[in-house]
Amino acid sequence: MEDRFARVRHVSPLWSLVRKNTRSVAGQIFLLQVALVVLLVAFAVFSLVLQSQRHTNAEAKRRSIAVAQTFAHSPGVLSALQAPDPAKVLQPLTEAGRKSAGVDFVVVMDTKGIRYTHPLPDRIGKRFVGKIEPSLAGKVYTESVHGPLGEEVQATVPIRNTQGHVMALVSAGLKVKNVTSLVDRQIPIILTAGAGALGAATAATVMVGRRLRRQTHSLAPNEMTRMYEHHDAVLHSVREGVLIVNDEGRLLLVNDEARRLLELPPDAEGKHVSQIPTLGPEMVSLLSSGREATDEVHLAGPRLLVVNQRPTDCDGGPKGTVVTLRDSTELRAVSGKAETTGERLKLLYDAGLGIGTTLDAIQTADELARIAVPRFADFVTVDLADAVLHGEEPATTAKGMRRVAVCGIRDDQPLYEKGRLIDFLPSTPQARGYGTGRSELVADLSTATGWHLQDPERTEQIVDYGIHSLIAAPIQARGVVLGMVNFWRSKEHDPFDQEELSLAEELVARAAVSIDNARRYTREHALAVTLQRSLLPRGLPEQSAVDVGYRYLPAQSGVSGDWFDVIPLPGSRVALVVGDVVGHGLHAAATMGRLRTAVHNFSTLDMPPDELLSHLDDLVGRIDQDEACTDSPAAVVGATCLYAIYDPATRRCTMARAGHLAPALVHPDGNVTFPDLPPGPPLGLGGMPFQAAELDIAEGSQLVLYTDGLIEDRTRDLDEGMELLRKALAGHPERAPEESCQAVLESLLPERPTDDVALLIARTHALPPDRIAEWDVPPDPAAVAGVRAAATDKLDEWGLSELGFSMELVLSELVTNAVRYGCAPIHMRLICDRTLICEVADGSSTSPHLRYAATTDEGGRGLFLVSQLTERWGTRYTPQGKVIWAEQALPNH
């Protein structure tokens with residue numbers, strides 16, 4: 001089985017080769033030769049088989065007769081037949097004779113056909129298969145029978161006695177298949193000869209096939225026919241002339257189109273190109289030169305031909321050239337228009353990409369002017385209604401037009417300059433187009449009298465400069481005319497036509513929507529910024545604790561909720577606040593105003609920073625709940641805040657933050673640090689308490705509070721921004737807060753910030769020790785008089801004697817209440833700053849309340865007197881208890 005598979009694998013490549021080449025001429029010849037050889041071999045084998053059959057029968061008969069006659073005449077056969085048991089004597093003799101004679105059987109039988117012998121002993125005694133009558137008559141008889149051994153050829157002869165009588169019969173025979181035949185010897189010879197003939201035919205076919213493949217490029221006859229048909233169809237049907245010229249300059253092939261274009265005679269093929277009279281000298285020179293030519297334009301009679309010529313020997317082909325001709329007489333005019341149309345479409349495409357990249361009306365107008373010059377116009381000017389630049393609705397007439405863009409091929413043009421406010425007369429194309437909303441085309445400016453009336457001197461300069469044509473196209477969006485675009489052409493180009501008027505309108509339409517969007521954005525942005533600025537401090541309050549510089553910069557893309565505040569507190573203290581509401585837009589700005597107001601209200605209660613942030617956190621949470629109930633899409637999700645209280649009397653600053661960045665501290669030596677302030681969650685999240693930290697700040701230090709828009713940017717991370725802030729602040733301890741603000745913004749902000757920025761820098765002051773007086777008060781009512789006397793002396797020292805009486809009454813009431821209702825320790829302090837401040841502290845957290853006493857009440861009038869004698873009074877709580885304070889205005893204040 002493996003050998004059979006091996007033979008199949010060996011034959012398969014040959015069969016693949018035959019199958020692949022049957023379509024070629026060589027393959028078909030090879031198949032014919034194979035068929036002839038196979039027929040010859042088959043005929044030879046058939047003839048040999050027939051001859052072999054005849055020879056086999058004759059040979060078998062001859063040998064059978066010889067063996068049978070030899071045995072019949074052998075001595076002892078007659079005596080054996082006369083023995084009592086002939087079979088016992090004859091069987092060994094016949095077997096020995098059969099083997100020596102090379103036959104398959106020798107059978108001795110009596111005259112009745114009963115066997116005495118047989119190669120198969122069980123057949124002895126049985127009747128002989130075959131005819132015995134001819135042999136009984138004394139004849140030798142041969143026949144073919146189907147005997148016990150199979151198909152047999154046998155000969156039967158008589159055994160005679162001495163008197164000539166037939167005593168018995170002998171039959172000898174062979175099986176046909178055991179006869180040695182000529183076929184066994186001659187068939188291999190015939191097959192070998194056939195294989196040799198087939199191999200010779202194959203070799204011849206391979207050689208012929210290779211030559212044919214070289215000559216036909218491996219094409220089958222049907223492919224060659226189809227190629228010729230296609231070649232002939234293309235050559236004579238294509239709408240392009242084709243010529244083939246050999247290296248001697250003779251015309252080898254001409255198709256129908258070339259014959260028509262060059263008006264060649266019928267016998268032009270085979271002639272030298274110089275002998276063809278219809279070819280001009282220029283064309284003859286090109287065809288006979290053999291050089292390459294690409295899209296060269298040549299005149300051939302009334303036609304303008306585009307000629308391409310290439311050599312034919314680049315890939316080893318015959319030397320010569322192939323020439324193609326294309327009639328461009330009519331196409332040339334059309335192509336000029338198509339090229340112009342393509343340029344205009346490209347201009348509109350570029351305009352769609354390059355105009356309106358920002359929400360800035362002036363920049364959009366400048367983009368339109370730059371796109372149109374010089375591809376459409378030599379000069380372009382854009383005039384917008386001045387109200388549009390402020391986000392307002394434009395006027396109905398072309399008055400108050402601001403020139404916002406001027407662009408041209410030269411800078412010395414006499415057109416109105418950029419920034420000029422122009423009132424166009426009704427007779428001008430600009431005024432007419434603005435009023436009707438339709439474009440105006442002025443093909444010749446020198447004859448446009450209405451335009452000359454606008455500014456006779458200027459218009460004369462424009463005409464003398466060479467500007468001769470104008471298109472005034474209105475900038476119209478959503479039914480409103482916002483301005484005019486003026487396209488000017490000078491003497492370098494032809495005047496505008498009606499087709500170009502449509503193109504101008506398309507260009508302006510691309511910019512109109514963007515300018516209107518910019519107008520609407522400007523209006524909304526201005527409203528938002530106005531709202532936000534109205535919610536921010538309009539000025540800083542008077543106080544002595546710090547010198548303050550601040551900056552607020554709204555983002556270019558919109559407003560957000562950044563804010564800052566400086567809030568004076570009792571005791572010459574000051575609160576510094578900076579915060580940022582999450583989100584942008586009017587909603588964020590309005591929410592910022594609510595939070596700022598809340599901080600002011602909470603600060604009047606004189607709360608510590610951490611407690612104030614807790615109340616503010618509850619407020620933001622309630623705002624979020626209210627927004628969620630109204631399904632508002634702009635719900636605020638939180639805010640950040642930093643609240644710091646600075647006391648100039650102790651130079652101590654208490655700070656707490658809710659999700660906000662830590663402040664920067666510039667020390668008097670110029671070093672910058674970021675205090676380690678405990679972090680807190682953003683406002684509105686709830687659940688976590690806020691922690692405050694206290695810092696002792698040296699006099700002259702700068703406390704820098706800011707929002708994340710200052711240091712965060714898409715191009716840098718937070719640490720890099722903090723480092724930039726540190727470098728901007730370091731090394732300048734003497735710099736004023738305002739100057740520090742400007743330096744920080746210049747160092748950290750890009751040209752167009754993407755987020756709001758609030759920056760607050762406060763330089764700290766300390767109250768002089770001689771303007772502060774403090775006393776510890778024993779918890780004894782008798783001590784009130786001593787304290788009152790000491791305070792009067794201190795007022796005299798400060799030159800405030802005229803306040804002595806009122807201050808004695810205030811001190812008496814506050815100290816008496818502390819002694820009577822409070823607990824130790826009791827401490828009193830007088831501070832002379834912008835006001836005269838009296839503070840009485842005790843260890844109790846119980847706060848007195850102002851009430852109106854009835855006429856029959858013995859007490860309850862003390863705090864009423866305090867409120868009447870002072871500008872304001874109040875209570876603040878401390879970790880040790882409370883402080884009751886009261887302020888009186890200084891004389892001449």
Side-chain angles (χ1 to χ4, degrees), residues 347-348 350-411 413-424 430-431 433-434 437 439 470-478 480-488 504-530 553-559 749-754:
L347 175 61
L348 292 175
D350 293 342
L353 295 178
I355 297 176
T357 58
T358 64
L359 287 173
D360 187 325
I362 296 178
Q363 184 169 344
T364 301
D366 188 67
E367 290 170 349
L368 170 60
R370 294 184 182 279
I371 284 288
V373 175
R375 299 163 65 179
F376 178 67
D378 296 325
F379 302 94
V380 175
T381 58
V382 182
D383 306 319
L384 292 179
D386 203 43
V388 171
L389 300 176
H390 299 91
E392 302 171 1
E393 292 292 330
T396 57
T397 60
K399 293 184 179 297
M401 303 288 290
R402 181 77 64 180
R403 181 146 292 181
V404 296
V406 178
C407 185
I409 57 176
R410 294 169 59 183
D411 296 332
Q413 40 77 20
L415 301 171
Y416 285 140
E417 68 278 5
K418 183 178 179 179
R420 181 165 181 156
L421 191 64
I422 309 169
D423 293 331
F424 287 105
Q430 290 85 354
Y434 189 92
S439 300
L470 164 67
I471 291 179
I475 303 173
Q476 188 172 4
R478 301 177 178 95
V480 178
V481 178
L482 308 174
M484 298 296 294
V485 181
N486 306 298
F487 300 94
W488 312 83
E505 292 173 345
E506 285 285 344
L507 282 174
V508 175
R510 303 294 174 100
V513 175
S514 296
I515 292 176
D516 188 52
N517 289 339
R519 177 183 69 87
R520 293 169 181 265
Y521 170 77
T522 300
R523 179 178 61 193
E524 294 178 2
H525 187 264
L527 289 175
V529 171
T530 301
L553 296 179
Q556 294 294 329
S557 59
V559 297
L749 290 187
E751 182 179 354
R752 300 174 65 86
T754 58

If you compare all heavy atoms of [X] against all heavy atoms of [Y], which two are closest, and at what distance to 0.1 Å?
X    : Y    : value
V508 : A473 : CG2-CB, 3.7 Å
C407 : V373 : O-CG2, 3.8 Å
S514 : G356 : OG-CA, 3.4 Å
L482 : P394 : CD2-CG, 4.0 Å
Q476 : A512 : O-CB, 3.3 Å
G391 : T522 : N-CG2, 4.0 Å

Show the numbers, then the answer: is there a side chain to side chain contact (heavy atoms under 4.5 Å, CB included) between L507 and L348?
CA-CA 7 Å; L507 282 174; L348 292 175; 4.0 Å; yes
Does CZ belonging to R370 count more than 12 external heavy atoms closer than 6.0 Å?
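Incorrect, the count does not exceed 12.
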Calculate, to the nearest 0.5 Å, the distance between atoms CE and OG1 belonging to M484 and T381 respectively.
9.5 Å
Look up atom CD1 in I475 and atom OH in Y434, then write down how far apart they are to the nearest 0.5 Å.
10.0 Å
Could you check whether any side-chain heavy atom of [X] comes within less than 4.5 Å of a side-chain heavy atom of [Y], counting everything from C-beta outward?
X    : Y    : value
R510 : I371 : no
F376 : F487 : yes
Q363 : T357 : yes
L368 : I515 : no
F424 : D383 : yes
V480 : D516 : no
V380 : W488 : no
N517 : L359 : yes

Going by the side-chain contact (heavy atoms from CB on, under 4.5 Å) test, name the single residue among V485, I422, L470 that passes it with Q430.
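That would be L470; it is the only one of V485, I422, L470 passing the side-chain contact (heavy atoms from CB on, under 4.5 Å) with Q430.
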Test side chain to side chain contact (heavy atoms under 4.5 Å, CB included) on D378 and Q413; report intermediate values, then the result.
CA-CA 10 Å; D378 296 325; Q413 40 77 20; over 6 Å; no
Can you list the steps and then say if R420 with V406 is a side chain to side chain contact (heavy atoms under 4.5 Å, CB included)?
CA-CA 11 Å; R420 181 165 181 156; V406 178; over 6 Å; no
Of the options H390, E393, E392, which is the one that meets R519 in a side chain to side chain donor-acceptor pair (under 3.5 Å)?
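The side chain to side chain donor-acceptor pair (under 3.5 Å) with R519 is passed solely by E393 among H390, E393, E392.
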Might you work through the side chain to side chain contact (heavy atoms under 4.5 Å, CB included) test for L384 and R402, ending with a clear yes or no?
CA-CA 5 Å; L384 292 179; R402 181 77 64 180; 5.5 Å; no
